[in-house]
There are 2 protein chains.
Amino acid sequence: MDYEQILKERNLSLTSVRLAVLEALEQHPHSEAGVLFKIVHKKIKTTSKQAIYNNLNMMVEHGIIREIKPKGQPSLYETKVGDNHHHIVCRSCQKVMDTDCHSLAPCLSPKISHGFVIDEAEVTFWGTCPSCQKSKGDKNEQH
Amino acid sequence: MDYEQILKERNLSLTSVRLAVLEALEQHPHSEAGVLFKIVHKKIKTTSKQAIYNNLNMMVEHGIIREIKPKGQPSLYETKVGDNHHHIVCRSCQKVMDTDCHSLAPCLSPKISHGFVIDEAEVTFWGTCPSCQKSKGDKNEQH
DNA sequence: GCAATAAAATTGATTGACTCAATATTTTTA
DNA sequence: TAAAAATATTGAGTCAATCAATTTTATTGC
Ligand SMILES: [Mn+2]
Ligand SMILES: [Mn+2]
Ligand SMILES: [Zn+2]
Ligand SMILES: [Zn+2]
(Lines give C-alpha, C1' and ligand atoms only; values in the text may rest on other atoms or scores of the structure.)
(Ligands and ions follow the chains in the order given, each with its own letter.)
Protein backbone atom coordinates (compact mmCIF):
# COMPACT_ATOMS: atom_id res chain seq x y z
CA MET A 1 0.00 0.00 0.00
CA ASP A 2 1.22 3.47 -0.80
CA TYR A 3 1.52 5.09 2.57
CA GLU A 4 3.38 8.11 1.22
CA GLN A 5 0.26 8.84 -0.78
CA ILE A 6 -2.06 8.28 2.19
CA LEU A 7 -0.02 10.65 4.37
CA LYS A 8 0.25 13.32 1.68
CA GLU A 9 -3.48 13.27 1.08
CA ARG A 10 -3.98 14.23 4.69
CA ASN A 11 -1.21 16.85 4.72
CA LEU A 12 0.82 14.82 7.20
CA SER A 13 4.57 15.13 7.25
CA LEU A 14 6.44 12.35 5.58
CA THR A 15 8.98 11.15 8.09
CA SER A 16 11.20 8.11 8.15
CA VAL A 17 9.86 6.87 11.47
CA ARG A 18 6.27 7.23 10.35
CA LEU A 19 6.83 5.25 7.19
CA ALA A 20 8.84 2.62 9.04
CA VAL A 21 6.03 2.18 11.58
CA LEU A 22 3.50 1.66 8.80
CA GLU A 23 5.74 -0.82 7.02
CA ALA A 24 6.35 -2.73 10.25
CA LEU A 25 2.63 -2.74 11.01
CA GLU A 26 1.77 -4.03 7.57
CA GLN A 27 4.14 -6.94 8.05
CA HIS A 28 3.19 -7.57 11.68
CA PRO A 29 -0.50 -6.89 12.22
CA HIS A 30 -1.81 -6.68 15.80
CA SER A 31 1.55 -5.56 17.17
CA GLU A 32 2.09 -3.54 20.31
CA ALA A 33 4.16 -0.35 20.49
CA GLY A 34 7.17 -2.04 22.07
CA VAL A 35 7.41 -4.64 19.31
CA LEU A 36 7.06 -1.96 16.66
CA PHE A 37 9.82 0.04 18.32
CA LYS A 38 12.16 -2.93 18.11
CA ILE A 39 11.42 -3.46 14.42
CA VAL A 40 11.77 0.20 13.53
CA HIS A 41 14.91 0.47 15.63
CA LYS A 42 16.68 -2.06 13.40
CA LYS A 43 16.33 0.36 10.51
CA ILE A 44 16.54 3.68 12.32
CA LYS A 45 19.03 3.42 15.15
CA THR A 46 18.23 6.83 16.58
CA THR A 47 14.51 6.30 16.96
CA SER A 48 12.70 6.50 20.28
CA LYS A 49 9.74 4.76 21.83
CA GLN A 50 8.07 8.12 22.23
CA ALA A 51 8.19 8.68 18.48
CA ILE A 52 6.48 5.34 17.99
CA TYR A 53 3.75 6.25 20.47
CA ASN A 54 3.27 9.70 18.98
CA ASN A 55 2.95 8.34 15.48
CA LEU A 56 0.64 5.51 16.47
CA ASN A 57 -1.70 7.85 18.32
CA MET A 58 -1.67 10.40 15.56
CA MET A 59 -2.38 7.85 12.86
CA VAL A 60 -5.17 6.28 14.90
CA GLU A 61 -6.79 9.71 15.22
CA HIS A 62 -6.53 10.14 11.46
CA GLY A 63 -8.03 6.71 10.82
CA ILE A 64 -4.94 5.51 8.99
CA ILE A 65 -4.45 2.68 11.45
CA ARG A 66 -6.62 1.02 14.04
CA GLU A 67 -6.05 0.35 17.70
CA ILE A 68 -7.52 -2.59 19.56
CA LYS A 69 -7.02 -3.37 23.22
CA PRO A 70 -7.90 -6.89 24.25
CA LYS A 71 -8.18 -7.28 28.01
CA GLY A 72 -4.81 -8.13 29.55
CA GLN A 73 -2.70 -6.88 26.65
CA PRO A 74 -1.24 -3.49 25.78
CA SER A 75 -2.75 -1.69 22.80
CA LEU A 76 -2.33 -3.50 19.49
CA TYR A 77 -2.30 -1.79 16.11
CA GLU A 78 -3.09 -2.75 12.54
CA THR A 79 -3.33 -1.14 9.11
CA LYS A 80 -6.53 -3.01 8.23
CA VAL A 81 -9.09 -0.24 8.66
CA GLY A 82 -12.55 0.70 7.47
CA ASP A 83 -13.83 -2.84 7.06
CA ASN A 84 -15.37 -3.28 10.51
CA HIS A 85 -13.68 -6.62 11.02
CA HIS A 86 -13.60 -8.37 14.37
CA HIS A 87 -11.07 -10.33 16.41
CA ILE A 88 -10.54 -13.73 17.92
CA VAL A 89 -8.21 -13.83 20.91
CA CYS A 90 -6.71 -16.94 22.47
CA ARG A 91 -7.15 -17.08 26.22
CA SER A 92 -3.88 -18.97 26.76
CA CYS A 93 -1.36 -17.45 24.34
CA GLN A 94 -3.11 -14.15 23.51
CA LYS A 95 -2.79 -14.73 19.78
CA VAL A 96 -5.07 -12.40 17.82
CA MET A 97 -6.72 -13.30 14.52
CA ASP A 98 -9.04 -11.39 12.23
CA THR A 99 -12.55 -12.44 11.41
CA ASP A 100 -15.04 -10.75 9.16
CA CYS A 101 -18.57 -9.81 9.98
CA HIS A 102 -21.47 -11.96 8.88
CA SER A 103 -23.23 -9.04 7.34
CA LEU A 104 -21.93 -5.81 5.95
CA ALA A 105 -23.26 -3.48 8.65
CA PRO A 106 -23.79 -6.04 11.26
CA CYS A 107 -24.00 -5.47 14.90
CA LEU A 108 -24.77 -1.80 14.96
CA SER A 109 -28.14 -2.38 16.58
CA PRO A 110 -28.03 -3.40 20.23
CA LYS A 111 -31.25 -4.67 21.73
CA ILE A 112 -31.52 -1.66 24.03
CA SER A 113 -29.64 1.46 23.03
CA HIS A 114 -30.42 3.71 26.02
CA GLY A 115 -30.68 6.60 23.59
CA PHE A 116 -27.07 6.28 22.52
CA VAL A 117 -26.22 7.02 18.89
CA ILE A 118 -24.13 3.98 18.05
CA ASP A 119 -21.33 4.28 15.50
CA GLU A 120 -19.33 1.12 16.06
CA ALA A 121 -19.73 -2.40 17.31
CA GLU A 122 -16.52 -3.93 18.50
CA VAL A 123 -16.66 -7.69 18.77
CA THR A 124 -14.01 -9.80 20.47
CA PHE A 125 -14.33 -13.55 20.36
CA TRP A 126 -12.51 -15.36 23.15
CA GLY A 127 -11.40 -18.93 22.92
CA THR A 128 -8.52 -21.33 22.52
CA CYS A 129 -6.32 -21.42 19.44
CA PRO A 130 -5.43 -24.71 17.71
CA SER A 131 -1.95 -25.03 19.19
CA CYS A 132 -3.14 -24.24 22.70
CA GLN A 133 -5.89 -26.83 22.30
CA LYS A 134 -3.18 -29.38 21.56
CA SER A 135 -0.92 -28.47 24.46
CA LYS A 136 -3.89 -28.49 26.82
CA GLY A 137 -4.69 -32.00 25.60
CA ASP A 138 -1.11 -33.08 26.24
CA LYS A 139 -1.23 -31.70 29.77
CA ASN A 140 -4.45 -33.54 30.55
CA GLU A 141 -3.01 -36.81 29.30
CA GLN A 142 -0.24 -36.63 31.86
CA HIS A 143 -2.69 -36.58 34.79
CA MET B 1 -28.43 -11.06 46.43
CA ASP B 2 -27.05 -13.28 49.14
CA TYR B 3 -23.32 -13.02 48.66
CA GLU B 4 -22.53 -14.80 51.92
CA GLN B 5 -24.27 -17.80 50.44
CA ILE B 6 -22.45 -17.50 47.12
CA LEU B 7 -19.08 -17.31 48.84
CA LYS B 8 -19.82 -20.18 51.18
CA GLU B 9 -20.90 -22.41 48.32
CA ARG B 10 -17.45 -21.98 46.83
CA ASN B 11 -15.62 -22.42 50.13
CA LEU B 12 -14.36 -18.87 50.03
CA SER B 13 -13.61 -17.04 53.24
CA LEU B 14 -16.22 -14.61 54.38
CA THR B 15 -14.37 -11.38 55.02
CA SER B 16 -15.63 -7.90 55.66
CA VAL B 17 -13.74 -6.38 52.73
CA ARG B 18 -15.02 -9.01 50.34
CA LEU B 19 -18.62 -8.47 51.30
CA ALA B 20 -18.21 -4.71 51.21
CA VAL B 21 -16.77 -4.91 47.68
CA LEU B 22 -19.71 -6.97 46.51
CA GLU B 23 -22.20 -4.61 48.11
CA ALA B 24 -20.48 -1.59 46.57
CA LEU B 25 -20.42 -3.30 43.18
CA GLU B 26 -24.08 -4.14 43.34
CA GLN B 27 -24.92 -0.50 43.99
CA HIS B 28 -22.38 0.87 41.50
CA PRO B 29 -22.12 -1.44 38.50
CA HIS B 30 -19.24 -0.90 36.05
CA SER B 31 -17.00 0.61 38.72
CA GLU B 32 -13.23 0.65 38.70
CA ALA B 33 -11.04 -0.54 41.56
CA GLY B 34 -10.22 2.97 42.76
CA VAL B 35 -13.88 3.94 43.07
CA LEU B 36 -14.66 0.72 44.90
CA PHE B 37 -11.79 1.37 47.28
CA LYS B 38 -13.24 4.77 48.17
CA ILE B 39 -16.67 3.31 48.80
CA VAL B 40 -15.38 0.42 50.89
CA HIS B 41 -13.04 2.75 52.76
CA LYS B 42 -15.98 4.71 54.11
CA LYS B 43 -17.10 1.59 55.94
CA ILE B 44 -13.79 -0.06 56.66
CA LYS B 45 -11.22 2.59 57.50
CA THR B 46 -8.30 0.18 57.58
CA THR B 47 -8.82 -1.30 54.15
CA SER B 48 -6.23 -1.13 51.39
CA LYS B 49 -6.34 -0.83 47.64
CA GLN B 50 -4.43 -4.08 47.42
CA ALA B 51 -7.23 -5.89 49.23
CA ILE B 52 -9.69 -4.52 46.70
CA TYR B 53 -7.54 -5.70 43.79
CA ASN B 54 -6.98 -9.11 45.35
CA ASN B 55 -10.66 -9.64 45.95
CA LEU B 56 -11.71 -8.39 42.54
CA ASN B 57 -9.24 -10.66 40.77
CA MET B 58 -10.13 -13.62 42.88
CA MET B 59 -13.86 -13.18 42.39
CA VAL B 60 -13.44 -12.70 38.66
CA GLU B 61 -11.57 -16.01 38.52
CA HIS B 62 -14.40 -17.66 40.40
CA GLY B 63 -17.00 -16.15 38.10
CA ILE B 64 -18.71 -14.32 40.93
CA ILE B 65 -18.14 -10.98 39.26
CA ARG B 66 -17.23 -9.91 35.76
CA GLU B 67 -14.47 -7.66 34.51
CA ILE B 68 -14.75 -5.54 31.38
CA LYS B 69 -12.08 -3.27 30.03
CA PRO B 70 -13.26 -0.69 27.50
CA LYS B 71 -10.40 0.92 25.63
CA GLY B 72 -9.13 3.99 27.47
CA GLN B 73 -10.52 3.04 30.86
CA PRO B 74 -9.19 0.96 33.74
CA SER B 75 -10.90 -2.36 34.38
CA LEU B 76 -14.55 -2.09 35.36
CA TYR B 77 -16.39 -4.67 37.41
CA GLU B 78 -19.98 -5.79 37.84
CA THR B 79 -21.98 -8.45 39.63
CA LYS B 80 -24.21 -9.15 36.63
CA VAL B 81 -22.73 -12.42 35.40
CA GLY B 82 -23.69 -15.44 33.40
CA ASP B 83 -26.14 -13.67 31.11
CA ASN B 84 -23.75 -12.82 28.28
CA HIS B 85 -24.90 -9.23 28.18
CA HIS B 86 -23.06 -6.57 26.21
CA HIS B 87 -22.08 -2.94 26.71
CA ILE B 88 -22.59 0.46 25.21
CA VAL B 89 -19.84 2.99 25.91
CA CYS B 90 -20.04 6.73 25.31
CA ARG B 91 -17.07 8.07 23.40
CA SER B 92 -17.19 11.44 25.14
CA CYS B 93 -18.00 10.74 28.79
CA GLN B 94 -17.16 7.01 28.97
CA LYS B 95 -20.52 6.14 30.51
CA VAL B 96 -21.19 2.40 30.31
CA MET B 97 -24.63 0.87 29.91
CA ASP B 98 -25.83 -2.71 29.65
CA THR B 99 -27.58 -4.15 26.68
CA ASP B 100 -28.88 -7.64 26.18
CA CYS B 101 -28.19 -9.93 23.29
CA HIS B 102 -30.67 -10.35 20.50
CA SER B 103 -30.58 -14.11 20.83
CA LEU B 104 -29.74 -16.31 23.75
CA ALA B 105 -26.42 -17.69 22.47
CA PRO B 106 -25.77 -15.04 19.94
CA CYS B 107 -22.50 -14.17 18.49
CA LEU B 108 -20.58 -17.29 19.32
CA SER B 109 -20.02 -18.06 15.66
CA PRO B 110 -17.55 -15.78 13.88
CA LYS B 111 -17.44 -15.99 10.13
CA ILE B 112 -13.95 -17.47 10.18
CA SER B 113 -12.83 -19.16 13.37
CA HIS B 114 -9.22 -20.08 12.40
CA GLY B 115 -9.68 -23.32 14.31
CA PHE B 116 -10.25 -21.53 17.61
CA VAL B 117 -12.73 -23.05 20.06
CA ILE B 118 -14.80 -19.99 20.90
CA ASP B 119 -16.34 -19.70 24.35
CA GLU B 120 -17.32 -16.04 24.56
CA ALA B 121 -18.25 -13.17 22.32
CA GLU B 122 -17.65 -9.81 23.91
CA VAL B 123 -19.49 -7.00 22.20
CA THR B 124 -18.86 -3.32 22.88
CA PHE B 125 -21.02 -0.77 21.17
CA TRP B 126 -19.44 2.67 20.86
CA GLY B 127 -21.43 5.83 20.47
CA THR B 128 -22.66 9.01 22.08
CA CYS B 129 -24.94 9.07 25.09
CA PRO B 130 -28.03 11.29 25.22
CA SER B 131 -26.50 14.00 27.43
CA CYS B 132 -23.31 14.15 25.35
CA GLN B 133 -25.46 14.44 22.21
CA LYS B 134 -27.10 17.49 23.76
CA SER B 135 -23.88 19.19 24.86
CA LYS B 136 -22.37 18.55 21.44
CA GLY B 137 -25.42 20.20 19.89
CA ASP B 138 -24.99 23.20 22.22
CA LYS B 139 -21.38 23.50 21.21
CA ASN B 140 -22.20 23.40 17.53
CA GLU B 141 -24.86 26.05 17.93
CA GLN B 142 -22.25 28.47 19.24
CA HIS B 143 -20.18 28.25 16.05
C1' DG C 1 18.78 25.74 -3.23
C1' DC C 2 18.15 28.21 1.20
C1' DA C 3 16.40 30.61 5.10
C1' DA C 4 12.21 30.82 8.01
C1' DT C 5 8.68 28.30 10.00
C1' DA C 6 6.25 24.42 11.33
C1' DA C 7 6.20 19.65 12.57
C1' DA C 8 8.30 15.78 14.56
C1' DA C 9 11.94 13.38 17.29
C1' DT C 10 14.68 12.83 21.37
C1' DT C 11 15.35 12.73 26.17
C1' DG C 12 14.21 12.37 30.85
C1' DA C 13 10.85 12.81 34.15
C1' DT C 14 6.24 11.43 35.56
C1' DT C 15 1.77 9.19 35.90
C1' DG C 16 -1.44 5.55 36.85
C1' DA C 17 -3.07 0.97 36.98
C1' DC C 18 -1.66 -2.87 38.72
C1' DT C 19 1.42 -6.53 40.82
C1' DC C 20 4.88 -8.67 44.13
C1' DA C 21 6.44 -10.03 48.39
C1' DA C 22 7.17 -9.74 53.35
C1' DT C 23 4.80 -9.33 57.64
C1' DA C 24 0.68 -8.84 60.42
C1' DT C 25 -4.12 -9.85 61.10
C1' DT C 26 -8.34 -12.25 60.54
C1' DT C 27 -11.02 -16.33 59.46
C1' DT C 28 -11.65 -21.09 59.47
C1' DT C 29 -10.95 -25.62 61.20
C1' DA C 30 -10.91 -29.11 64.56
C1' DT D 1 -9.80 -21.87 71.72
C1' DA D 2 -5.34 -23.09 69.80
C1' DA D 3 -3.33 -24.24 65.27
C1' DA D 4 -3.54 -23.79 60.48
C1' DA D 5 -4.97 -21.47 56.48
C1' DA D 6 -6.50 -17.58 54.19
C1' DT D 7 -6.63 -12.76 53.79
C1' DA D 8 -5.13 -7.91 54.74
C1' DT D 9 -1.67 -4.39 55.09
C1' DT D 10 2.34 -2.05 53.71
C1' DG D 11 5.82 -0.51 50.75
C1' DA D 12 8.37 -1.29 46.89
C1' DG D 13 8.36 -2.23 42.06
C1' DT D 14 6.71 -2.94 37.09
C1' DC D 15 5.10 -1.57 32.79
C1' DA D 16 2.48 0.92 29.42
C1' DA D 17 1.78 5.28 28.35
C1' DT D 18 2.00 10.40 28.72
C1' DC D 19 4.08 15.19 29.46
C1' DA D 20 7.17 18.70 28.58
C1' DA D 21 11.56 20.88 27.36
C1' DT D 22 15.01 20.88 23.85
C1' DT D 23 16.93 19.49 19.55
C1' DT D 24 16.41 17.81 14.99
C1' DT D 25 14.02 17.23 10.73
C1' DA D 26 10.60 18.39 7.23
C1' DT D 27 7.98 21.77 4.76
C1' DT D 28 7.08 26.25 2.85
C1' DG D 29 8.04 30.53 0.45
C1' DC D 30 11.36 32.89 -1.80
MN1 LIG E 1 -7.42 -7.09 12.88
MN1 LIG F 1 -22.71 -4.75 32.43
ZN1 LIG G 1 -3.25 -19.99 21.94
ZN1 LIG H 1 -21.66 10.66 27.18
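Any value given below was found using the heavy atoms of this structure, including those in side chains, with hydrogens, waters and symmetry copies removed. Chain naming here is simple, since letters A, B, ... match the order of the sequence lines and numbering starts at 1 in each. Note that the structure is a prediction, hence the values are computed from the model and not measured.
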Participant: Supply the atom-to-atom distance B:D2 CG to B:K8 NZ, rounded to the nearest 0.5 angstrom.
Facilitator: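 Here the interatomic distance stands at 8.0 Å.
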Participant: What I want to check is whether the side chains of A:D98 and A:H85 have a donor and an acceptor closer together than 3.5 Å.
Facilitator: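 Result is yes, a qualifying pair exists.
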Participant: Taking for each residue the nucleotide of DNA chain C bearing the nearest heavy atom, is the 5' side occupied by B:S13 or by B:Q73?
Facilitator: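 Whichever sits nearer the 5' end wins; that is B:Q73.
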Participant: Establish, from distance only, whether the side-chain atoms of B:N57 and B:E61 form a donor-acceptor pair under 3.5 Å.
Facilitator: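 Judged by distance alone, the side chains do not pair up.
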Participant: Could you give the CD-to-C1' distance, from B:E4 to C:dT28, as a whole number of Å?
Facilitator: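 Those two atoms, CD and C1', are 15 Å apart.
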Participant: Does the side chain of A:N54 reach to within under 4.5 Å of the side chain of A:Q50, using non-hydrogen atoms?
Facilitator: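 They are in side-chain contact.
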Participant: Taking B:E23 as the fixed residue, which of B:R18, B:H28, B:K43 is the one that meets the side chain to side chain donor-acceptor pair (under 3.5 Å) rule?
Facilitator: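 It is B:K43; the other options fail the test.
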Participant: Could you check whether the rings of B:H87 and B:H30 sit parallel, tilted or perpendicular, using 30° and 60° as the cut-offs?
Facilitator: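 Ring orientation, 0 to 90° scale: perpendicular.
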Participant: Under a 4.0 Å heavy-atom cut-off, which of residues 41-66 of chain B touch DNA chain C?
Facilitator: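 Nucleic-acid contacts, sorted: B:Q50, B:Y53, B:N57.
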Participant: For A:L12 and C:dA6, what is the distance between atoms CG and P respectively, to the nearest whole Å?
Facilitator: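 Roughly 17 Å, once rounded to whole Å.
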Participant: In whole Å, I'd like the distance from the CG atom of B:L76 to the C1' atom of C:dA17.
Facilitator: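 Between C1' of C:dA17 and CG of B:L76: 12 Å.
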Participant: Starting at atom CG of A:N11, determine the distance to atom P of C:dA6, rounded to an integer number of angstrom.
Facilitator: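 One finds 15 Å between P of C:dA6 and CG of A:N11, rounded.
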Participant: How many Å lie between CZ on B:F37 and P on C:dG16, as a whole number?
Facilitator: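 Taking atom P of C:dG16 as the reference, CZ of B:F37 is at 16 Å.
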Participant: Could you tell me whether A:L14 contacts a base, only the sugar-phosphate backbone, or nothing, with contacts defined as non-hydrogen atoms closer than 4.0 Å?
Facilitator: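 Answer is sugar-phosphate: A:L14 comes under 4.0 Å of backbone atoms only.
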Participant: Are any of the side-chain heavy atoms of B:T128 and B:S92 separated by less than 4.5 Å?
Facilitator: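 Touching, per the 4.5 Å side-chain cut-off.
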Participant: Select one nucleotide: of D:dA17, D:dA26, C:dA17, the one nearest the side-chain heavy atoms of A:T15.
Facilitator: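 The answer is D:dA26.
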Participant: Rounded to the nearest Å, what distance is computed from the NZ atom of residue A:K38 to the P atom of nucleotide D:dA16?
Facilitator: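 Spelled out: NZ on A:K38 to P on D:dA16 is 9 Å.
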Participant: Nearest nucleotide by nearest heavy atom, which residue falls closer to the 5' end of DNA chain C, B:S16 or B:P74?
Facilitator: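 Looking at DNA chain C, the more 5' nearest nucleotide goes with B:P74.
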Participant: CG of B:L7 versus C1' of C:dT28: gap in Å, rounded?
Facilitator: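 Roughly 14 Å, once rounded to whole Å.
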Participant: Find the distance A:R10:CZ to C:dA7:P and express it as a whole number of Å.
Facilitator: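 That distance rounds to 18 Å.
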